[in-house]
Every structure is written in C-alpha cells, then in structure tokens.
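Remember, it's a predicted structure, so these values are computed and weren't measured experimentally. Side-chain atoms are counted along with the backbone in the values below, which use heavy atoms only and exclude waters and symmetry mates.
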Amino acid sequence: QVQLVESGGGLVQAGGSLRLSCAASGSIFSINVMGWYRQAPGKQRELVATATRGGSTNYADSVKGRFTISRDNAKNTVYLQMNSLKPEDTAVYYCNAEVLAIGGDFRYLERWGQGTLVTVSS
C-alpha cells in the first residue's frame, strides 16, 4: 500500500546540478531512515546518502562535499541536491525508506522507489 515515487532525473553536463525528489504515499504513521542508492550500468547498487527523521545524515565518500540530502517530514519527502556532477555519477537513482504503516503490524517495512535515471555527459 505504501509506495515511493522518485522524480527529477535527467541529462546534465559535467559540472552541472540536479535535484532529485522522492515522495512516500499511503497510510503512513512514520518514516525512520530515508536514503538514496544508485546503480550504474554493469555495477552493483550502492549507497549514496541517508537521512534520519531527526536530521542526521551520512554520505558515500564519492559524493561528500557535492551532494546534500534533506527531508521534509511533513510531506514524507526526501531530496538529493547534486552539484558538481561527474560522468561517474551516471546511474539509476533509487529512493529507499523504512516505513511504519497505519494498520500494519507495528514494525518498519522497507520500501523502494522505481528509480530515476541521471545521465552526466562529459
């Protein structure tokens, strides 16, 4: 019933910026951790950044200083501001969340978005 929908991906030149959004919808009581992962062609999915409900953040070394994750808890939405983009950032970006659903069994459920493609040209 709970689902995540990403948006904001697209084509951008190296050095440019892009902002991704992920909105959770459905019968949600609360969301603990929300994060972004990415998967490049021929590679495994990797963690990009995470954010707790209280605002604590964590980043992969490859994106520190360039990417910023933020949340709007009232809207159940997480954002990823990507600056100084590099061709190596090209990947499908996926949103992830730990969700406590209304009417559920009082445990956090893991949900994934469908992914949004980011392509950085050199």
Side-chain angles (χ1 to χ4, degrees):
Q1 187 175 7
V2 176
Q3 60 182 11
L4 277 53
V5 179
E6 303 103 329
S7 62
L11 175 64
V12 65
Q13 292 187 336
S17 298
L18 213 56
R19 195 187 200 203
L20 306 183
S21 298
C22 171
S25 62
S27 301
I28 300 170
F29 182 78
S30 67
I31 302 177
N32 185 22
V33 178
M34 297 189 81
W36 291 94
Y37 293 73
R38 67 186 182 186
Q39 187 167 24
K43 295 187 176 181
Q44 289 187 306
R45 188 174 299 184
E46 64 177 355
L47 184 145
V48 177
T50 61
T52 67
R53 184 176 181 84
S56 297
T57 59
N58 182 261
Y59 298 90
D61 289 338
S62 60
V63 306
K64 286 182 179 178
R66 300 189 298 119
F67 291 11
T68 302
I69 188 170
S70 61
R71 290 175 61 168
D72 185 337
N73 293 329
K75 296 181 179 180
N76 289 323
T77 300
V78 64
Y79 306 93
L80 185 68
Q81 178 65 47
M82 304 184 293
N83 299 325
S84 301
L85 283 162
K86 304 175 181 179
E88 303 91 270
D89 295 318
T90 295
V92 176
Y93 284 70
Y94 296 92
C95 179
N96 174 266
E98 296 175 341
V99 182
L100 186 63
I102 297 173
D105 57 359
F106 300 100
R107 64 177 180 175
Y108 280 99
L109 304 175
E110 186 175 56
R111 291 288 181 267
W112 291 89
Q114 82 288 351
T116 184
L117 177 63
V118 172
T119 302
V120 184
S121 62
S122 59

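In this structure, the side chains of Val48 and Tyr94 stay at 4.5 Å or more apart for every pair of heavy atoms. Taking 4.5 Å as the limit, some side-chain heavy atom of Val118 sits within range of a side-chain heavy atom of Leu18. Taking 4.5 Å as the limit, every side-chain heavy atom of Leu20 sits out of range of all side-chain heavy atoms of Glu6. Looking at heavy atoms from C-beta onward, Gln81 lies out of side-chain contact with Ser70 at the 4.5 angstrom threshold. For the pair Arg71/Ile31, a side-chain contact is recorded, criterion being any heavy-atom separation below 4.5 Å from C-beta on. Contact check for Ser62 versus Arg38: side-chain heavy atoms found under the 4.5 Å cut-off.
The backbone N or O of Val120 lies less than 3.5 Å from a partner atom in the side chain of Thr90, making a donor-acceptor pair. Looking only at distances, a side-chain donor or acceptor of Thr116 sits under 3.5 Å from a matching main-chain atom of Gly9.
A distance of 7.5 Å separates OG1 of Thr52 from CG of Asn32, quoted to the nearest 0.5 Å. The distance from atom CG of Asn83 to atom OG1 of Thr68, rounded to the nearest 0.5 Å, is 6.5 Å. Put simply, NZ on Lys75 and OG on Ser25 are 14.5 Å apart, with the number rounded to the nearest 0.5 Å.
Nearest heavy atom pair, residue Ala51 against residue Thr57, reads CB-CG2, 4.2 Å. Annotation for Arg111 and Leu4: closest pair O-CD2, 3.7 Å, computed over non-hydrogen atoms. Gln1 approaches Ser27 most closely through the heavy-atom pair NE2-OG, 3.2 Å. The two residues Ile69 and Tyr59 make their nearest non-hydrogen contact at N-OH, 2.9 Å. For the pair Met34 and Cys95, the tightest heavy-atom approach, listed with the atom from each and the gap, is CE-SG, 4.4 Å. Between Leu80 and Ala49, the shortest heavy-atom distance links the atoms CD1-CB, 4.4 Å.
With hydrophobic clusters built from ILVMFWY side chains whose heavy atoms lie under 4.5 angstrom apart, Ile102 shares a cluster with Tyr108. Phe29 and Val33 fall into different hydrophobic clusters, where Ile, Leu, Val, Met, Phe, Trp and Tyr residues are linked whenever their side-chain heavy atoms come under 4.5 Å apart, directly or through other members. The cluster map of Ile, Leu, Val, Met, Phe, Trp and Tyr, joined by side-chain heavy atoms under 4.5 Å apart, puts Leu47 and Leu85 in different clusters.
No side-chain N or O of Thr77 forms a donor-acceptor pair with one of Asp72 less than 3.5 Å apart. If you check the side chains of Arg45 and Tyr37, you find no donor sitting under 3.5 Å from an acceptor.
Salt-bridge formation is not detected for the pair Asp89/Lys86: no Lys NZ or Arg NE/NH1/NH2 atom is positioned less than 4.0 Å from an Asp or Glu carboxylate oxygen.
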Glu46 and Gln39: CA distance, side-chain angles, deciding distance, side-chain contact (heavy atoms from CB on, under 4.5 Å) verdict: CA-CA 6 Å; Glu46 64 177 355; Gln39 187 167 24; over 6 Å; no
side-chain contact (heavy atoms from CB on, under 4.5 Å) assessment of Tyr93 paired with Cys22: CA-CA 10 Å; Tyr93 284 70; Cys22 171; over 6 Å; no
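Taking a 6.0 Å sphere around CD of Gln13, one finds it holds 12 or fewer heavy atoms contributed by other residues, nucleotides or ligands.
Annotation: cation-pi pair Arg19/Tyr79 present, NZ/CZ under 6.0 Å from the ring centroid and within 45° of its normal.
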